[in-house]
Amino acid sequence: MQNSPFEFYDSQPEPTRSCLFALRDIILEYHPSFRETVKYGMPCFVFNKKHFCYLWTDKKSGHPYILMVEGNNIEHPSLQSGTRSRMKILPINPNEDIPLNTIHEVFELGLTFYS
């Protein structure tokens, strides 16, 4: 079991590792109340003591994604539910520019469920 989110980040190959670190910074800079912890062995971001999102990687492609806890309540064309009933993912291609505006749009929609 990983005790530090850095163990997860450092275990990833490039360019995924750099992308995950950039996503981490984007998430933590988005709102001053976001805090990082480890839950289920993956970096978890908490807002006002409630789980908001996780960072993880796709098993097949190895690409990172942001897993939105309240994803089933968020309607955004970039979110994918797959077989999940509650959460949705925002896939990120580490070989392309990070879609900062899309991330901010999804986070803005997600924060409405944490008042």
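If you read the sequence from its start, that first residue is 1, and numbering goes on from there.
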Working to the nearest 0.5 angstrom, can you tell me the gap between [X] [atom1] and [Y] [atom2]?
| X | Y | atom1 | atom2 | answer |
| --- | --- | --- | --- | --- |
| Leu100 | Ile26 | CG | CD1 | 5.0 Å |
| Leu109 | His104 | CG | NE2 | 13.0 Å |
| Met87 | Asn72 | CE | CG | 9.5 Å |
| Leu90 | Leu67 | CG | CG | 10.5 Å |

Minimum-distance pair of heavy atoms, taken over all atoms of [X] and [Y]:
| X | Y | answer |
| --- | --- | --- |
| Pro94 | Pro64 | CD-CD, 3.8 Å |
| Phe52 | Gly110 | CE1-C, 3.7 Å |
| Val106 | Ile74 | O-CD1, 4.2 Å |
| Val69 | Cys53 | CG2-N, 4.1 Å |
| Gln12 | Thr57 | OE1-CG2, 3.6 Å |

Results of ring-ring contact (aromatic ring centres under 6.0 Å, His included) for Tyr54 - residues two or more places apart only: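 Listed in chain order: nothing, the list is empty.
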Does the side chain of [Y] come within less than 4.5 Å of [X]'s, by heavy atoms?
| X | Y | value |
| --- | --- | --- |
| Glu36 | Pro43 | yes |
| Asp10 | Phe21 | yes |
| Phe6 | Arg24 | yes |
| Thr102 | His76 | yes |
| Lys39 | His51 | yes |
| Cys19 | Ile98 | yes |
| Pro15 | Asn95 | yes |

Pairs where residues 100-115 contributes a residue and the test salt bridge (Lys or Arg N to Asp or Glu O under 4.0 Å) is met, not counting sequence neighbours: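 For residues 100-115, and leaving out neighbouring residues, there are no salt bridge (Lys or Arg N to Asp or Glu O under 4.0 Å) pairs at all.
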Salt bridge (Lys or Arg N to Asp or Glu O under 4.0 Å) contacts touching residues 56-72 (sequence neighbours left out):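 Those involving residues 56-72 are Glu70-Arg86.
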Non-neighbouring partners of Gln80 that pass side-chain contact (heavy atoms from CB on, under 4.5 Å), sequence neighbours left out: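 Ile89, Pro91.
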Step-by-step ring pair (Phe, Tyr, Trp, His ring centres under 6.0 Å) determination, Phe34 to Phe45: CA-CA 6 Å; Phe34 279 151; Phe45 297 86; 7.3 Å; no
side-chain contact (heavy atoms from CB on, under 4.5 Å) between Lys88 and Glu75, intermediate numbers included: CA-CA 10 Å; Lys88 289 183 183 176; Glu75 290 300 323; 3.8 Å; yes
Side chain to side chain donor-acceptor pair (under 3.5 Å) involving Glu14 - partner list, sequence neighbours excluded: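 Expected list: Arg17, Ser18.
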Backbone N/O of Val46 and side chain of Thr37: donor-acceptor pair under 3.5 Å: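 It does not hold such a pair.
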Plane angle bin for His31 and Phe47 - parallel if under 30°, tilted between 30 and 60°, otherwise perpendicular: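 Ring orientation, 0 to 90° scale: perpendicular.
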Result of checking Leu55, Ile92, Asp25 against Leu20 for side-chain contact (heavy atoms from CB on, under 4.5 Å):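 For Leu20, the side-chain contact (heavy atoms from CB on, under 4.5 Å) test succeeds with only one of Leu55, Ile92, Asp25, which is Leu55.
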Which residues share a salt bridge (Lys or Arg N to Asp or Glu O under 4.0 Å) with Arg35, sequence neighbours left out: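 With sequence neighbours excluded, Arg35 shows a salt bridge (Lys or Arg N to Asp or Glu O under 4.0 Å) to no residue whatsoever.
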